[in-house]
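Letters A, B, ... are given to chains in the order of the sequence lines, protein chains preceding strands, and every chain is numbered from 1. Small disclaimer: the values here were computed from a predicted structure and weren't measured.
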Amino acid sequence: MKKLRMAVCTAIVLMAIGSAANAEEFSPKRIVSLDGGTTETLFALGAGGLVVARDEGSTYPPEAAKLPAISTGHQLNVEAILALKPDVVVGRNRSMSGPGMHILEQAHVRVVRLPDDPGIEVAQLRIKNLASLIGKEEDAKKIIESMQTDLDRLEEKKKAVSGEAAPRVLIVYLRPGVVMMMGEDSNAAAMTRLAGGRFAVPGMKGYKELNAEAAVAAQPDVILCYTEGLEATGGADALWNRPGLAETPAGRARCLIAMDDLLLAGFGPRTGDAALQLFDRLHGQGTTVAKAHP
Amino acid sequence: MTRTVPYKLVFLILLAALPIALCVAAGMGAYSIAPFRIPAILWDRIEGEGYRVLLYIRLPRIFLATLVGTALALSGAALQSMFRNPLADSGLIGVSSGAALAASAWIALAGADSRIGLWGLPTAAFAGGLATVWLVWRMARTNGATPTATLLLTGIALNAIAGAGIGLLIYCSDEEELRGITFWQLGGLNGTTWPLVWAALIPLVPGLVLLAPLGRALNALALGDREAYHLGVHVAAIQRRIVLGSALAVGGAVAAAGGVGFVGLVVPHMFRLLCGADNRWLLPSTAVGGALLLLGADTASRTLAQPAELPVGILTALAGGPFFLWLLLRHKREAFHA
């Protein structure tokens with residue numbers, strides 16, 4: 001199912017780009033990016049200057065965060081986008097739903113949808129797709145090569161620890177008053193598997209409030225969360241004060257890994273780097289990291 | 001022509017059901033502990049994961065569910081009798097909506113850089129609830145008295161304003177804050193720790209103590225403010241006591257458990273439909289009934305969707321609604337007298 005969706009998305013992207021290529025060498029001058037990973041990729045390709053607006057999740061690199069934010073996740077201001085006179089609006093499928101896109105297309109703005117799915121192949125595919133949209137195929141090759149180098153190193157490191165039991169990872173999402181857990185279909189879970197961790201609540205999908213007892217029953221060795229959520233909810237001390245988490249093996253050893261959400265779950269150009277970082281924290285002696293910087 | 005069940009019987013059945021429900025609740029959970037080992041675990045203090053799960057996660061939660069259910073149902077019963085309005089509940093004096101507004105504001109505005117951790121949200125909710133009740137009370141006061149009708153309408157008006165405030169906050173909040181607000185409004189006892197239980201007891205106990213002995217006075221009030229006065233009831237003092245008691249009890253309950261709806265509205269009606277409206281029996285029975293409903297709903301909320309949580313507000317409505325409807329249809333005729 002996922003594969004099919006991916007294939008369809010790829011086809012759509014390729015068609016969009018193909019038709020662009022047919023019509024008088026389309027090269028965008030003003031791009032609106034509606035997704036953090038996409039913005040990051042555009043900057044990595046050296047096309048940051050073309051981006052005129054971003055969504056709120058586009059926080060990396062720091063120059064991207066200075067651009068005007070046009071959408072706030074659940075709301076898309078179509079008029080504000082049109083006012084910027086973009087020639088391309090690009091993002092991942094999830095951020096491109098809703099009637100707004102249709103209006104943009106009617107206004108002859110090219111809407112490019114990239115596939116959502118996590119994973120290395122899709123991450124590389126997205127970079128290639130974006131590169132061919134702006135004619136930066138060479139830069140894409142470099143990014144993908146360096147990603148591959150990281151991933152090869154990761155494979156070696158994984159082989160070195162293949163005798164040990166993989167650490168069980170519980171991925172939580174912290175908001176004031178609620179601890180949510182992210183399911184095995186989340187990007188963060190995909191990154192965890194890539195980095196050699198074991199998902200602690202197999203079968204859990206989506207995005208649900210975590211039952212305190214179930215956290216203990218899952219017996220996680222590590223709690224993984226986003227840096228932003230951890231800081232917004234009072235840091236590591238407040239986390240261990242939540243009922244349940246302190247009683248887990250991770251809680252007793254105070255094993256907490258916090259990573260920037262775009263790095264951990266973006267599956268953008270830093271995918272290989274992120275997987276290496278997570279691997280080191282999961283397996284290295286420095287597992288007891290209370291706070292980590294991207 | 002009433003075909004009702006004796007008061008005493010229903011009260012005793014409810015009272016007998018409570019310890020059974022407590023034991024069942026203690027024996028269920030996402031972390032499996034054999035129910036028959038629980039007494040041994042607690043008695044011998046067998047240190048280990050099971051003991052800690054039971055003592056630090058499950059028991060405080062069960063305890064708080066019982067208390068919150070009692071507080072919501074009791075204040076609902078008292079307010080319905082005082083307003084002589086079957087639709088009244090703690091929402092009408094503004095405590096629930098005020099707490100919801102303050103909690104939403106906390107999540108949307110302060111939540112982003114709060115260092116106060118776990119205590120900020122309940123404190124804000126409690127303060128918001130109390131402040132709103134005070135506002136309703138002050139505005140409804142005319143010439144030293146507080147006519148019930150004015151109090152009711154003031155409450156409705158402030159509810160609407162608080163609702164608009166919450167709407168505005170939802171509009172301003174990002175996706176995660178939105179989720180926080182929504183989940184708070186559905187209620188939940190997942191975050192319960194002993195310190196939270198002790199903190200909740202500070203307003204809950206005085207609130208319950210103020211409300212519980214009011215049966216006789218409420219019976220007099222049911223006849224009308226003037227009639228009650230002639231029966232020797234100090235109407236203004238009783239009103240003040242009910243409003244203060246409800247504000248403390250519901251404020252504490254909502255601060256600890258979020259916006260658990262339905263309990264305060266429906267549990268008193270269940271008892272009225274079964275037995276009748278004598279407040280001397282209604283108040284204690286409703287208190288126990290509310291505890292039972294919330295205990296049951298919370299047990300379901302932490303076990304049905306494991307390892308996830310179901311918001312308890314959904315379950316109180318889901319469990320109580322059909323039962324209430326069944327009672328209503330069976331006692332259609334009596335319902336008009338209730």
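Around atom CZ of A:Arg252, more than 12 heavy atoms belonging to other residues, nucleotides or ligands sit under 6.0 Å away.
For B:Thr303, no part lies near chain A; criterion is any non-hydrogen pair under 4.5 Å. For A:Val201, the part lying under 4.5 angstrom from a heavy atom of chain B is the side chain only.
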Distance-only donor-acceptor hits, side chain of residues 56-68 of chain B, under 3.5 Å, sequence neighbours excluded:
from	atom 1	to	atom 2	distance (Å)
B:Arg58	NE	A:Glu213	OE1	3.2
B:Arg58	NE	A:Glu213	OE2	2.6
B:Arg58	NE	B:Met28	O	3.2
B:Arg58	NH1	B:Ala26	O	2.7
B:Arg58	NH1	B:Met28	O	3.4
B:Arg58	NH2	A:Glu213	OE1	2.7
B:Arg58	NH2	B:Tyr31	O	2.7
B:Arg61	NE	B:Asp298	OD1	3.2
B:Arg61	NE	B:Asp298	OD2	3.1
B:Arg61	NH1	B:Asn190	OD1	3.3
B:Arg61	NH1	B:Glu309	OE2	2.9
B:Arg61	NH2	B:Asp298	OD1	2.8
B:Arg61	NH2	B:Ser301	OG	3.3
B:Arg61	NH2	B:Glu309	OE1	3.1
B:Arg61	NH2	B:Glu309	OE2	3.4
B:Thr66	OG1	B:Ile62	O	2.7

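Atoms CZ and OG1, on A:Arg242 and B:Thr193 in that order, are 11.0 Å from each other to the nearest 0.5 Å.
Of the listed residues B:Pro311, B:Gly191, B:Gly180, B:Ala305, the one with more heavy-atom pairs under 4.5 angstrom with chain A than any other is B:Gly191.
Remark: B:Ala127 pairs with no residue by the side-chain contact (heavy atoms from CB on, under 4.5 Å) rule, at least two apart or across chains.
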